[in-house]
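As the structure lists them, so they are numbered: ligands from 1, and atoms in each ligand from 1.
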Amino acid sequence: MSLRPTLDFLLYHWLGAESLSQRERFADHSRETFDAVFDTCERIAREKYAPFNRTVDTQEPHFDGEKVILPQATHDAQKAYAASGMLSAAQDYEVGGMQLPYTVEAAANAFFAMASVSIGSGLLTTGNANLLMVHGTDMQKEVFAKNEFSGRFSGTMCLSEPQAGSSLSDVTTRAVPDGDGFEADPLGPRYRLTGNKMWISAGEHELTDNIIHLVLAKVPGPDGKLIAGTRGISLFIVPKKMVDTKGELTGVRNDVALAGLNHKLGWRGTTNTLLNFGEGKYPVGGQAGAVGYLVGKPHEGLRCMFHMMNEARIGVGTAATMLGMAGYYASLDYAKSRPQGRPVGVGGKDASQPQIRIIEHADVKRMLLAQKAYCEGALALELYCARLVDEHHTADAQAADDARLLLEVLTPIAKSWPSEWCLEANSLAIQVHGGYGYTRDFPVEQYWRDNRLNMIHEGTHGIQAMDLLGRKVLMEGGRGLQLLAARINATIEKAIQQPELAVHANALGKALQHVGSATKAAWAKGEPGEALANAVPYMQAFGHTVLAWIWLDVALASLSLPQLAGNSGAAHTGRMGAARYFYHYELPKIDAWLKVVETRDLTCADLPEEAF
Ligand SMILES: Cc1cc2nc3c(=O)[nH]c(=O)nc-3n(C[C@H](O)[C@H](O)[C@H](O)COP(=O)(O)OP(=O)(O)OC[C@H]3O[C@@H](n4cnc5c(N)ncnc54)[C@H](O)[C@@H]3O)c2cc1C
């Protein structure tokens with residue numbers, strides 16, 4: 001199975017990605033240049049990533065007392081990724097970028113996520129450097145971001161602490177001005193940081209010359225106390241090794257020490273670390289305290305960090321999707337070759353007949369079609385959101401603003417829906433394999449383990465759900481929800497004209513109304529405790545409605561283009577089948593999810609602790 005025809009259909013035939021080259025920023029691009037990027041990424045993923053997916057799972061990173069050791073394959077994969085130019089794919093030509101649309105960058109990264117999600121931590125480096133390009137000074141861009149884009153340095157995001165994960169307002173890492181004249185350092189106002197950061201991905205390794213940590217820390221107020229809440233949080237660049245204004249290593253190690261590696265369920269190709277900042281293991285200038293350079297203004301750290309969140313969350317959603325897709329393809333292959341059982345006829349089974357392949361059993365087909373509907377639907381959603389990022393950056397003012405607001409509403413879904421349902425797809429992929437799926441002789445158990453992370457990081461499932469129901473659907477007077485409803489209604493109006501889709505269109509109209517009325521009912525008393533008690537079921541219903549819309553729109557595109565290449569009869573039949581599956585088996589679930597939302601059911605919330 002190849003991802004490419006599915007990607008081509010969604011990108012070019014459904015989303016019209018080619019038309020982005022009419023925008024001034026992308027004027028040098030065309031379908032040819034986009035395809036060349038995909039060809040390169042597909043090849044690197046095939047040669048440098050996929051063959052080593054199991055290697056990085058079994059050869060977990062380990063610390064030899066001095067260095068973190070990773071398999072050679074990880075070094076090779078990262079070098080190849082950096083050499084492809086993908087680290088700065090969307091950046092301006094002047095900084096060595098390719099000025100590609102984000103839609104194309106996100107699609108190209110899908111190949112790597114499917115081949116081996118954890119070998120590369122390129123998305124972290126890109127996210128880190130992109131943030132600096134927006135909020136950093138010219139010197140910070142030159143010294144840190146540009147060296148990250150070239151692959152010489154890599155980047156991390158240090159938000160979480162042992163006691164502060166979902167609740168970042170409780171971070172206690174402290175940053176104090178580093179002596180007189182601290183503001184005059186050419187690399188940015190210089191502080192000394194002390195504290196512990198937990199779960200830091202790619203926090204220690206020897207893959208690059210240096211590691212650039214972006215660290216959230218609090219600058220104490222005049223009374224010496226940390227300011228409560230997120231207001232007090234600032235953002236700092238903390239390099240693992242000190243650099244001069246030319247980006248050269250000075251030979252001095254910064255006071256950032258590995259306290260330990262976390263041993264994870266999956267995603268083992270990327271190190272995950274507990275880092276101690278400023279404990280004095282590597283004193284700088286004879287003094288304990290990690291040297292950090294302020295990014296942006298003091299107390300605006302979280303705002304700077306969240307600048308990157310939409311893209312980071314689309315990245316997580318895409319990773320979840322591609323792990324689901326990898327499992328789908330593996331289980332499809334298996335189902336086509338595994339003989340087991342015989343068909344049931346009216347007279348029972350005929351044991352004298354040869355066994356049939358399991359793909360011929362209706363229940364196995366159900367599991368395969370569910371995976372297809374989840375994963376191809378999720379891929380379409382991620383590409384749609386990536387396209388909104390491009391609209392936000394390059395469309396005219398009104399369209400750009402609409403894209404911004406739509407992204408606000410859709411981002412929790414883009415992150416969470418694939419994290420839940422493409423994980424379910426991985427579980428079904430194991431089920432299709434039967435007992436073999438539960439062994440390490442087949443790849444599907446690893447896909448499930450790798451994918452299990454995605455409901456946890458970048459905002460847990462519960463936190464995303466509360467963000468959706470507690471903030472996103474209410475913001476700007478509910479305009480984001482109205483915009484989304486208008487887009488859904490536009491699809492319904494077109495689909496209702498198509499005999500094959502009219503029933504689905506009506507079902508989607510009802511689902512949309514139900515989501516709207518449940519949103520109002522949840523907030524009828526204006527009590528967050530009651531409204532948000534069932535935020536996750538709400539997000540599940542919201543997500544399924546969004547995916548039903550996406551499938552209807554994709555089905556419309558498929559119907560309108562039967563004659564085009566890449567839309568072969570079987571591919572078209574598959575898309576229509578997946579859309580039908582979604583409407584018959586999945587969308588009806590929303591009524592159960594919304595019931596507890598609209599009745600503000602407090603069964604869970606009210607159960608006393610001792611009753612558990
Ligand atoms: C492999 C891995 C890689 C990671 N990489 C990074 C990284 O590079 N940088 C980084 O900064 N962090 C990283 N993280 C951290 C990750 O973002 C956190 O684990 C996550 O934010 C959850 O925080 P926590 O683990 O402290 O769990 P908690 O916040 O303690 O949550 C535990 C449970 O309680 C629920 N919960 C918490 N608060 C509430 C609430 N107010 N209402 C309802 N439910 C609530 C959560 O939804 C969750 O189910 C990584 C984590 C892992 C596992």
Expected output: side-chain Thr173 to main-chain Ala217 donor-acceptor under 3.5 Å: no
Under 4.0 Å from ligand 1 - residues by heavy atom, chain and number: Met157, Cys158, Leu159, Ser160, Gly165, Ser166, Trp199, Ile200, Ser201, Lys264, Asn272, Leu453, Ile456, His457, Glu458, Thr460, Ile463, Met466
Trp593 and His544 aromatic centres sub-6.0 Å: yes
Donor + acceptor pair across side chains of Thr599, Asp601 (<3.5 Å): no
Sidechain-backbone polar pair: Lys218 side chain, Ser169 backbone, donor-acceptor under 3.5 Å: yes
Parallel, tilted or perpendicular, as decided by the 30° and 60° cut-offs, for the rings of Phe112 and Tyr81: perpendicular
Full working for side-chain contact (heavy atoms from CB on, under 4.5 Å) between Ser118 and Val56: CA-CA 8 Å; Ser118 71; Val56 297; 3.9 Å; yes
